[in-house]
Undergrad: 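After the structure tokens below, expect a handful of questions from me.
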Amino acid sequence: MRKNHFLCMMMRLICIVIVLVLFAGTATTSDARRTRNLPKYKIRINKQCCTVTVYKCVKGKYEPKKAMICSPGPYTPLGTFSLGEKSRWGTLMGPSYGQYCARITGRVLFHSVWYYSCGNKTTQCYREYNRLGTLASHGCVRLTVADAKYIYEKVPSGTPIIIYNSAKPGPLGKPMAIKVNGYCGWDPTDPDENNPYRKMKPKIRGVKKFRKIKYGKKFKAKKGVTAVNSTGFDATKLLKVTVYYHPDYLNRYIWVNRVNTKAPGRYRIKYTITDEIGHKAKKASCVRVSRA
């Protein structure tokens, strides 16, 4: 009897283990199927903060991938929509014309800031470009050319879009907008090889190649140094300073927070800037702190 009872108990345990394995396998298969069915991207448009955040599905979870500055308008609808058909150039109100158009709903589109002439990239309205990051459209969501091109090429039709209001711009923040002065009519972010902005870089001014500082004298590395971005506007706030110190008792430079005029030796100061469209510039200065 005891032997039969033991065998029955063992059979029950084996059956329970088999059921659990089958259930776990079914759950895993179900989760994998659910993950496969998720859209690859989703887009969230914060109308209040004038930002767009593109999310990408990674292992079943949506992670923020790219933030964009945008210009929706008072009549941009709130709600959930699906990215529709796309067109390389689209006819807008006026008529005016936009690059890289993608339908959000009805007549509401993603598109670049508008142009006076279809296909002519030198005719963008620079005044409207300088309004990016504010409520400026009749309802469409305006973007830089680079960002509109990203959605046009990377994000497939059918992608869910959520338009909402929030005081928080999104997990990646609100990108800075570069301003233009209107002299050429190009969007500075357009990757077209003919874009004159591609050849322009920020400029750093006021950096002296060599300076000798007396021991204990006040010194600020940024004093008298300014910068302008690729389109010629002040960008001093984007300037970054890195300081390296070469003490007299060492044969190498080490990173430090600042030039300490009570610590004699040589200092190397690196000035760098990356402007709003990713163009870079750098300059360097050498400083000698001496007791003499």
Side-chain angles (χ1 to χ4, degrees), residues 37-58 60-87 90-94 96-115 124-180 187-189 237-238 276-278:
N37 291 335
L38 286 173
K40 186 176 181 179
Y41 294 93
K42 71 176 181 180
I43 299 173
R44 291 176 63 86
I45 303 170
N46 186 341
K47 180 177 172 180
Q48 181 178 338
C49 286
C50 299
T51 55
V52 174
T53 305
V54 178
Y55 295 77
K56 187 175 182 180
C57 187
V58 180
K61 294 183 179 181
Y62 284 100
E63 299 177 356
K65 182 175 179 62
K66 185 175 179 63
M68 306 173 179
I69 194 167
C70 72
S71 279
Y75 301 107
T76 304
L78 302 178
T80 301
F81 309 96
S82 181
L83 192 66
E85 70 275 18
K86 302 175 181 181
S87 58
T91 302
L92 311 174
M93 293 180 65
S96 56
Y97 307 90
Q99 289 200 71
Y100 301 109
C101 301
R103 193 171 306 281
I104 298 172
T105 180
R107 296 183 178 181
V108 179
L109 313 172
F110 283 120
H111 61 75
S112 69
V113 175
W114 56 267
Y115 296 77
Q124 188 178 74
C125 180
Y126 78 92
R127 292 184 182 86
E128 292 301 316
Y129 186 87
N130 285 344
R131 296 178 70 189
L132 273 173
T134 67
L135 289 173
S137 77
H138 293 94
C140 288
V141 179
R142 300 174 183 171
L143 301 166
T144 65
V145 165
D147 289 340
K149 186 174 186 288
Y150 180 92
I151 291 177
Y152 181 88
E153 293 182 344
K154 301 286 187 182
V155 183
S157 296
T159 294
I161 300 169
I162 300 169
I163 305 178
Y164 67 103
N165 280 323
S166 173
K168 297 181 179 180
L172 301 179
K174 183 174 183 176
M176 295 181 66
I178 197 166
K179 303 297 182 182
V180 293
D187 182 314
T189 73
K237 63 183 178 181
L238 299 178
E276 300 90 337
I277 54 176

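By convention here, the first residue in the shown sequence is residue 1.
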Undergrad: Quick one: side chain to side chain contact (heavy atoms under 4.5 Å, CB included) partners of A177, sequence neighbours excluded?
TA: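 Side chain to side chain contact (heavy atoms under 4.5 Å, CB included) check on A177 returns I69.
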Undergrad: Applying side chain to side chain contact (heavy atoms under 4.5 Å, CB included), name anything that partners S157, two or more places apart in sequence or on another chain.
TA: K86
Undergrad: Any side-chain heavy atom of K47 sitting closer than 4.5 Å to one from L135?
TA: yes
Undergrad: Quick one: list whatever passes side-chain hydrogen bond (donor to acceptor under 3.5 Å, both in side chains) with Q48, sequence neighbours left out.
TA: none
Undergrad: Given L109 and L92, is the side chain to side chain contact (heavy atoms under 4.5 Å, CB included) satisfied, shown in steps?
TA: CA-CA 9 Å; L109 313 172; L92 311 174; 4.1 Å; yes
Undergrad: For K66, give me all partners under salt bridge (Lys or Arg N to Asp or Glu O under 4.0 Å), at least two apart in sequence or on another chain.
TA: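 In terms of salt bridge (Lys or Arg N to Asp or Glu O under 4.0 Å), with neighbours along the sequence ignored, K66 is linked to D147.
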Undergrad: Heavy-atom count check: over 12 atoms from other residues, nucleotides or ligands less than 6.0 Å from Y164 OH?
TA: yes
Undergrad: Is there side-chain contact between Y100 and I151, with at least one heavy-atom pair below 4.5 Å?
TA: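 No, side chains not in contact.
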Undergrad: Where is the tightest heavy-atom contact between R142 and V113, given as atom of each residue plus distance?
TA: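 Smallest heavy-atom distance, with atoms named: CB-CG2, 4.5 Å.
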Undergrad: Near K65 NZ, under 6.0 Å, is it more than 12 heavy atoms from other residues, nucleotides or ligands?
TA: no
Undergrad: Assess whether side chain to side chain contact (heavy atoms under 4.5 Å, CB included) is satisfied between I163 and I104, documenting all intermediate values.
TA: CA-CA 10 Å; I163 305 178; I104 298 172; 4.1 Å; yes
Undergrad: Applying side chain to side chain contact (heavy atoms under 4.5 Å, CB included), run through M68 and T144 and close with a yes or a no.
TA: CA-CA 8 Å; M68 306 173 179; T144 65; over 6 Å; no
Undergrad: According to ring-ring contact (aromatic ring centres under 6.0 Å, His included), who are the partners of Y150, at least two apart in sequence or on a separate chain?
TA: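 Y150: no ring-ring contact (aromatic ring centres under 6.0 Å, His included) contacts found.
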Undergrad: Any side-chain heavy atom of I43 within less than 4.5 Å of one from T159?
TA: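 With C-beta onward as the side chain, the pair touches.
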Undergrad: How would you list, by chain and number, every residue that makes a salt bridge (Lys or Arg N to Asp or Glu O under 4.0 Å) with R44, sequence neighbours excluded?
TA: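 Expected list: none.
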Undergrad: Less than 4.5 Å apart, any side-chain heavy atom of V145 and any of Y152?
TA: no
